[in-house]
Every structure is written in structure tokens, then in C-alpha cells.
Amino acid sequence: MAPESNDPSDASDRVFELEAEVQQLKEAVTSHAVVDQAIGMMVALDRVSPDQGWAVLKDISQHTNIKLRSVAELILIWGRNGDIPSDIRAALEDALDCHGPTQIPEAPSE
């Protein structure tokens, strides 16, 4: 453990570092929630499992060169108002076809 300093500039530097860390953590929590919601949409459509949903988002991000969080946000906007850029829609359909079932699963037999 480093010895404590009475220098005010050391204390203000540490406060600045901690504020930056808190901001990064807030952004990470928000980003995680957006990604989880987009995955949830794909799961709710009965197209993929949660793990497959993650793979779908990664594929779209890699094939469109758009940050994963931004892809997730576009999917959420699509869920709210039906608008999605055509290149994202094409990448989404391709990724869902690749990672998800080709047909909606039938109800389990009793």
C-alpha cells in the first residue's frame, strides 16, 4: 500500500481518477442493459436462445463494423417503431438464420 500524501494535488488527482472510474462503470451497466434487452427481444421472438442471441449481436457487429452496443440499440429502436437500417436488417436475418432454428419450434407434446 502506498504511503499517504498530504499534497492536495495528489488527493485531487485521486478524486479525478475515481470519478472517471465511476463514469466508466455507469456506462458499462447501461451498455449491458441495452445488450440484454436486444437479446431478450430475439429470444421473445422465439428465434434464438440467450447464448445464440449474444452470438447474433457479435456477428452483426463484426459484419457491419458497428459497435455491439449500437447494434443492440438499433434492434431496440426496431422493436419500438419498426424502423431498422436495411444493412442491419439483412445482417440480423443472416445471423438469426445462422444461429437460430430455421423454423419456429413446435409446442412440446404432452
Side-chain angles (χ1 to χ4, degrees):
M1 190 167 184
E4 290 201 23
S5 169
N6 290 332
D7 184 358
S9 66
D10 287 345
S12 61
D13 287 347
R14 183 66 180 143
V15 168
F16 180 74
E17 290 171 5
L18 290 172
E19 287 174 344
E21 186 175 340
V22 166
Q23 185 60 36
Q24 289 174 344
L25 290 171
K26 286 180 180 179
E27 290 172 10
V29 167
T30 300
S31 180
H32 188 69
V34 168
V35 169
D36 282 349
Q37 289 172 25
I39 291 171
M41 272 187 59
M42 291 182 281
V43 170
L45 292 171
D46 212 16
R47 292 290 305 265
V48 293
S49 70
D51 287 341
Q52 291 168 323
W54 172 252
V56 166
L57 288 179
K58 278 189 354 186
D59 280 2
I60 295 169
S61 176
Q62 290 171 348
H63 288 98
T64 61
N65 201 28
I66 298 173
K67 288 184 179 184
L68 192 133
R69 177 186 173 167
S70 297
V71 170
E73 288 171 343
L74 289 169
I75 290 173
L76 294 178
I77 291 168
W78 170 59
R80 284 192 294 270
N81 64 21
D83 294 333
I84 191 167
S86 59
D87 58 332
I88 302 298
R89 177 183 286 277
L92 175 61
E93 290 173 359
D94 290 345
L96 285 170
D97 287 344
C98 178
H99 293 284
T102 55
Q103 299 176 358
I104 294 176
E106 294 181 25
S109 57
E110 295 183 24

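Only heavy atoms go into these numbers, but all of them, side chains included; no hydrogens, no water, no symmetry mates. Nothing here was measured: the structure is a model prediction, and the numbers come from that model. Numbers here simply count residues along the sequence, with the first being 1.
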S.K.: Could you measure the distance from the CG atom of Leu92 to the CG atom of Asp97? Nearest 0.5 Å is fine.
M.R.: 9.0 Å

S.K.: Are side-chain heavy atoms of Val48 and Trp54 found at a separation under 4.5 Å?
M.R.: no

S.K.: State, to 0.1 Å, how close Asn81 and Asp83 come at their nearest heavy-atom pair, and which atoms those are.
M.R.: OD1-N, 2.9 Å

S.K.: Indicate the atoms forming the closest heavy-atom contact of Ile60 with Ala95, along with that distance.
M.R.: CG1-CB, 4.1 Å

S.K.: Between Gln23 and Glu27, does any side-chain donor sit less than 3.5 Å from a side-chain acceptor?
M.R.: yes

S.K.: If I take atom OG from residue Ser70 and atom CG from residue Leu57, how far apart are they, to the nearest 0.5 angstrom?
M.R.: 11.5 Å

S.K.: Return the CG to CG distance between Asp87 and Leu74, rounded to the nearest 0.5 Å.
M.R.: 9.0 Å

S.K.: How long is the span from the CG atom in Asp10 to the OG atom in Ser12, to the nearest 0.5 Å?
M.R.: 8.0 Å

S.K.: Holding to side-chain hydrogen bond (donor to acceptor under 3.5 Å, both in side chains), I want the full list of residues that pass it with His63, two or more places apart in sequence or in another chain.
M.R.: none

S.K.: The criterion is salt bridge (Lys or Arg N to Asp or Glu O under 4.0 Å); which residues satisfy it with Glu21, sequence neighbours excluded?
M.R.: none

S.K.: Roughly how far apart are Glu19 CD and Arg14 CZ, rounded to 0.5 Å?
M.R.: 11.5 Å

S.K.: Might you point out which heavy atoms bring Val35 and Arg69 nearest each other, and give the distance in Å?
M.R.: CG2-CA, 4.4 Å

S.K.: Measuring only between side-chain heavy atoms, which start at C-beta, is Trp78 closer than 4.5 Å to Ile88?
M.R.: no

S.K.: How would you list, by chain and number, every residue that makes a side-chain hydrogen bond (donor to acceptor under 3.5 Å, both in side chains) with Glu93, sequence neighbours excluded?
M.R.: none

S.K.: Spell out, yes or no, whether Leu45 and Ile75 are grouped together once hydrophobic residues are joined by side-chain heavy atoms under 4.5 Å, including indirect joins.
M.R.: yes

S.K.: Mind listing the closest non-hydrogen atom pair of Pro50 and Val43 along with its distance?
M.R.: N-CG2, 3.7 Å

S.K.: Nearest heavy-atom pair of Gln52 and His99: which atoms, and what distance?
M.R.: NE2-O, 2.7 Å

